[in-house]
Amino acid sequence: MDKNELLEKGSAWIKAHINETLELLDALCRIPAPSGKEEKRAEFCKKWLEKAGAEGVFIDGALNVVFPFCDNGGKLTAVLTHTDTVFPDLTPFDIKKDEKNWRCPGIGDNTVHVAQNMMIVKFLLESGVRSDKGILFVCNSCEEGLGNLKGVREIIKNYGGRIDEFFAIDGQYTSLATKCVGSKRYKITVKTEGGHSYGAFGNKNAIHLLSKLVCGLYEMKIPAKEGTKTTFNVGTISGGTSVNTIAQNAEMLFEYRSDDKECLENMDGQFESILKDAEKDGVDVSCEVVGERPCMGDVDPEKLKAIIDKAANSVKKYYGGDIRLRSSSTDCNIPLSRGIPSVCLGGYIGGGAHTREEYIEIDSVLTGHLI
């Protein structure tokens with residue numbers, strides 16, 4: 001069977017099995033999967049794939065569900081869909097459905113892609129297709145937030161020397177992520193002696209000192225390098241004991257990001273300087289690295305263009321709109337930092353990602369699946 005025949009057969013199979021894809025999506029949405037706690041979803045994926053006929057599926061130490069297809073020990077194409085969501089809930093979600101949309105936290109990011117990827121595996125197994133080049137199908141863990149790309153790091157550690165094409169399936173099919181956004185994430189803690197708000201008035205207040213530090217961080221200068229984007233953000237802040245207690249402890253989560261390595265290093269310098277200035281003022285401040293994502297490494301430009309073109313052509317075949325090339329922080333950060341040609345493409349249209357009002361347009365699932 002040549003490539004065109006395979007694509008034609010695959011398209012017909014996907015159309016005929018779209019209801020099964022939606023049933024799988026429904027089942028997956030109801031299995032909680034916060035970053036680092038994907039055990040139940042991983043076990044479901046493994047058992048489902050085995051029932052579909054996959055042999056050799058395993059869950060690795062990072063909670064990745066890994067299926068090497070036609071692996072002959074040579075080069076591999078890796079296809080990853082992350083199983084985790086940004087939501088901490090450990091109880092099942094309900095899905096709100098109408099004729100146009102399905103609404104559920106995490107449905108687009110990234111549960112729909114897990115379902116699509118698993119159904120592709122089922123098609124390949126049912127059709128008896130064999131590939132001269134191995135394909136590494138992975139339902140991977142810890143892509144979101146402080147998961148710090150643990151899942152894909154494990155895959156690259158174990159298979160990186162053999163992977164020459166890497167596809168992350170994440171996001172909407174109206175754009176491709178072709179350049180990675182690096183980031184540094186910190187937990188910053190301020191401690192003081194505290195005391196009673198009346199009896200010890202005048203003692204240092206950790207919340208006050210942390211707020212001054214926040215103001216200092218928001219004076220950071222964004223590097224003025226053309227064609228780049230750099231940002232920073234205080235994401236959470238907490239501390240104190242009660243309304244009548246001078247806070248002894250306060251902490252925040254802070255990050256800065258850039259799609260350029262030099263700009264990220266510039267932010268490193270500014271950040272370190274601000275912390276040192278705070279310490280000079282007698283502030284007891286500590287800083288813990290809680291996440292670090294690398295920028296682009298030395299990737300062969302011709303090979304990178306080839307994989308981007310391959311992804312773009314696949315999207316254009318089924319989607320008639322414009323495709324935007326963008327920078328993003330995805331599972332591709334790790335392979336791109338190691339020089340492996342990688343691209344991130346999506347399989348749906350929707351909105352509200354990372355909110356509890358997240359939704360997908362149900363008709364877009366078929367288009368995204370064909371892509």
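This one's a predicted model, so the numbers in the text were calculated from it and none came from an experiment. In what follows, residues are counted from 1 in the order of the sequence shown. Values below: every heavy atom of this structure, side chains too, minus hydrogens, waters and symmetry copies.
Residues Ile246 and Leu213 do not share a hydrophobic cluster, defined by chaining ILVMFWY side chains whose heavy atoms lie under 4.5 Å apart. The same ILVMFWY cluster, assembled from side-chain heavy atoms under 4.5 Å apart, contains both Tyr348 and Phe167.
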Note to self: Run the side-chain hydrogen bond (donor to acceptor under 3.5 Å, both in side chains) test on Thr228 and Asp260 for me, step by step, so that the C-alpha distance in whole Å, both residues' side-chain angles and the decisive distance to 0.1 Å come before the verdict.
What the structure shows: CA-CA 6 Å; Thr228 69; Asp260 182 85; 5.7 Å; no

Note to self: Pair Glu144, His354 - check side-chain hydrogen bond (donor to acceptor under 3.5 Å, both in side chains), show working.
What the structure shows: CA-CA 10 Å; Glu144 297 289 3; His354 288 208; 3.3 Å; yes

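Note on Glu272 versus Lys276: no salt bridge recorded, every NZ/NE/NH1/NH2 to OD/OE distance being 4.0 Å or above. Salt bridge annotation for Asp71-Arg162: present, with a cationic side-chain nitrogen under 4.0 angstrom from a carboxylate oxygen. The residues Asp164 and Lys133 are annotated as salt-bridged, a charged nitrogen and a carboxylate oxygen being separated by less than 4.0 angstrom. Between Lys157 and Glu154 there is a salt bridge, since a side-chain N of the basic residue sits under 4.0 Å from a carboxylate O of the acidic one.
Cys139 and Val114 make their closest contact through SG-CG1, 4.0 Å (heavy atoms, listed as atom of the first residue, atom of the second, distance).
Scored by the ring-ring contact (aromatic ring centres under 6.0 Å, His included) test, His369 finds no partners at all (sequence neighbours excluded).
Ring-plane geometry between Phe123 and Trp13 is classed as tilted, the angle between the planes lying from 30 to 60 degrees on a 0 to 90 degree scale.
With no hydrogens or angles considered, no side-chain donor-acceptor pair links Thr91 and Asp89 at under 3.5 Å. Between Asn266 and Gln270, the side chains place a donor N or O and an acceptor N or O closer than 3.5 Å (distance only, hydrogens not considered). A side-chain N or O of Asp331 and one of Asn140 form a donor-acceptor pair less than 3.5 Å apart.
Sequence neighbours left out, the pairs with a member in residues 213-268 that pass ring pair (Phe, Tyr, Trp, His ring centres under 6.0 Å) are Tyr186-Tyr256, Tyr218-Phe232, Phe254-Phe271, Tyr256-Phe271.
Here the OH atom belonging to Tyr359 is positioned 11.0 Å from the CG atom belonging to Asp98, to the nearest 0.5 angstrom.
Tested against His113 for a side chain to side chain donor-acceptor pair (under 3.5 Å), the candidates Asn117, Asn110, Asp109 yield a single pass: Asn110.
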